[in-house]
Amino acid sequence: MSSLLSYALPALGSYAMLSIFFLRRPRLLHTPWAPVFLPRLGAHRAGSGELLENTMEAMENSLAQRSDFLELDCQLTRDGVVVVSHDQNLSRQSGVNRDVSSLDFEELPLYKEELEVYFSPGRFAHGSDRHMVSLEDVFQRFPRMPMSVEIKEENEELINKIAGLVRHFDRNEITVWATEKSSVMKKCRAANPEMPFSFTIGRAIWLLLLYYLGLLPFASIPERFFFCFLPTIINRTYFPFSCSGLNQLAAVISKWLIMRRSLIHHLEQRGVQVVFWCLNEESDFEVAYGLGASGVMTDYPTALRHYLDNHGGAAQAS
């Protein structure tokens, strides 16, 4: 046993030192992704805290605040139009208990006059523009604006239509595939492999496992974006579980696992841009940029623009 330890301990020590060395200097092993755009300021649902979510009015406002990208969710109507909508069911957004997929595009109802901001409970957004919009119209209106497009379900028709629109408007490099599900991401990448894509939940768990095992410096990373929630917003503006005890446990565990400067620095060095969501308070901006994040996704682009302008672009996002 002692002879085994005499070999194992030096080997483990050498492995640990090698892992730490390449964790800090990943470019010795990997060529970093070259960023096409810098996602310092991302407008969540096009800036849903200031104007009604996902409307053209909200998008125009986000551009006026020099947002670097828009975060959008897409659904498919009955007549095959890709519409920008967070929810499949329209009850929350419009007060109409119908799914987007059960209506033609021209039948879609108006948004409510006010909508609660999901990540700022008790706050409401208003706007003069209450119309839902098609992704095609958005691409036509903002042809060079980077966007993250999230797909929530395995809808191959929706995925293929989005992939086709991206190609048609020559947006392959500035439109990012996003989804929580690895099975959905597989279909997205097959539909348009030229588009950059973000980590799914499963891949994020894989990433953390490799990091803590010391294997991350030696693994390939095809993703170019890591959209990650900031653990400190749990129990304050984000409640992933209905049970308060589970939320408290999730906050403690995720904070310990995710909030590692060495992990974020490693990803940044490899050209993987880390964006924390969905942050609406200056104290949260401070935490995210203090960790070395590339950017922040917010419902309040005006507030984040003010913060960035007053903090030197958060040191140009570290």
Side-chain angles (χ1 to χ4, degrees), residues 5-40 42 68-69 146 148 172-183 185-186 188-190 192-231 253-277 287-297 313-318:
L5 287 175
S6 66
Y7 287 106
L9 291 177
L12 286 173
S14 299
Y15 166 70
M17 288 190 292
L18 197 63
S19 176
I20 293 170
F21 177 82
F22 285 115
L23 184 73
R24 294 175 177 173
R25 301 168 182 82
R27 295 186 180 185
L28 295 175
L29 295 178
H30 306 278
T31 301
W33 292 111
V36 177
F37 67 93
L38 299 177
R40 292 179 300 274
D68 297 300
F69 75 101
S148 164
N172 287 329
E173 292 188 332
I174 59 172
T175 310
V176 182
W177 285 124
T179 181
E180 294 182 349
K181 302 177 181 179
S182 296
S183 59
M185 184 60 78
K186 183 178 180 180
C188 290
R189 292 182 64 188
N192 190 332
E194 297 179 58
M195 291 168 57
F197 59 100
S198 62
F199 278 86
T200 62
I201 289 178
R203 287 282 295 173
I205 293 171
W206 170 89
L207 172 77
L208 292 171
L209 181 63
L210 291 185
Y211 170 72
Y212 285 104
L213 289 175
L215 294 170
L216 185 57
F218 314 108
S220 63
I221 301 177
E223 291 87 354
R224 298 178 70 167
F225 291 87
F226 185 32
F227 298 134
C228 181
F229 74 93
L230 189 71
I253 293 175
S254 58
K255 181 179 179 180
W256 185 85
L257 288 173
I258 297 170
M259 298 177 74
R260 303 291 180 184
R261 283 188 60 87
S262 59
L263 171 61
I264 294 170
H265 176 75
H266 179 85
L267 293 174
E268 294 283 348
Q269 285 290 302
R270 293 179 64 171
V272 179
Q273 303 192 80
V274 180
V275 179
F276 281 107
W277 58 262
V287 171
Y289 289 117
L291 285 168
S294 305
V296 162
M297 201 182 293
Q316 292 302 305
S318 301

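Here the shortest heavy-atom pairing between S148 and A178 reads OG-CB, 3.7 Å. The two atoms that bring F37 and Q273 nearest to each other are O-NE2, 3.1 Å, heavy atoms only. For V275 against M297, the heavy-atom pair with the smallest separation is CG1-N, 3.8 Å. Here the closest heavy-atom approach between residue G271 and residue P32 is recorded as N-CB, 3.9 Å. Shown here for V176 and F197, the closest heavy-atom pair between the two residues is CG1-CA, 4.1 Å. When all heavy atoms are compared, the tightest approach of R24 to H265 is O-NE2, 4.2 Å.
Under the 4.5 Å side-chain criterion, counting only non-hydrogen atoms from C-beta, V36 is not in contact with P196. Counting heavy atoms from C-beta on, the side chains of L263 and L216 come closer than 4.5 Å. With contacts defined as side-chain heavy-atom distances shorter than 4.5 Å, the pair F226/I264 does not qualify. You'll find the side chain of V287 stays beyond 4.5 Å of the side chain of F276, heavy atoms only.
Other residues, nucleotides and ligands contribute at most 12 non-hydrogen atoms within 6.0 Å of the CD atom of E180.
Remark: F22 CZ to H30 NE2 distance equals 9.0 Å, nearest 0.5 Å. Once rounded to the nearest 0.5 Å, the distance linking CE of M259 with CG of L257 reads 12.0 Å. Rounded to the nearest 0.5 Å, atoms CG (L267) and OH (Y211) are 9.5 Å apart. Atom-to-atom distance recorded for K181:NZ and T200:OG1 is 11.5 Å, nearest 0.5 angstrom. How far CE of M185 is from OG of S198: 4.5 Å, rounded to the nearest 0.5 Å. Expressed to the nearest 0.5 Å, how far OG of S294 lies from CG of D68 amounts to 11.0 Å.
Contacts of F227 classified as ring-ring contact (aromatic ring centres under 6.0 Å, His included), with partners at least two apart in sequence or in another chain: F225. Residues forming a salt bridge (Lys or Arg N to Asp or Glu O under 4.0 Å) with R203 (at least two apart in sequence, or on another chain): E223.
Between the W33 side chain and the R224 main chain, no donor and acceptor come within less than 3.5 Å of each other. A donor-acceptor contact shorter than 3.5 Å is absent between the side chain of W277 and the backbone of G42.
W256 has its ring centre less than 6.0 Å from the ring centre of Y212.
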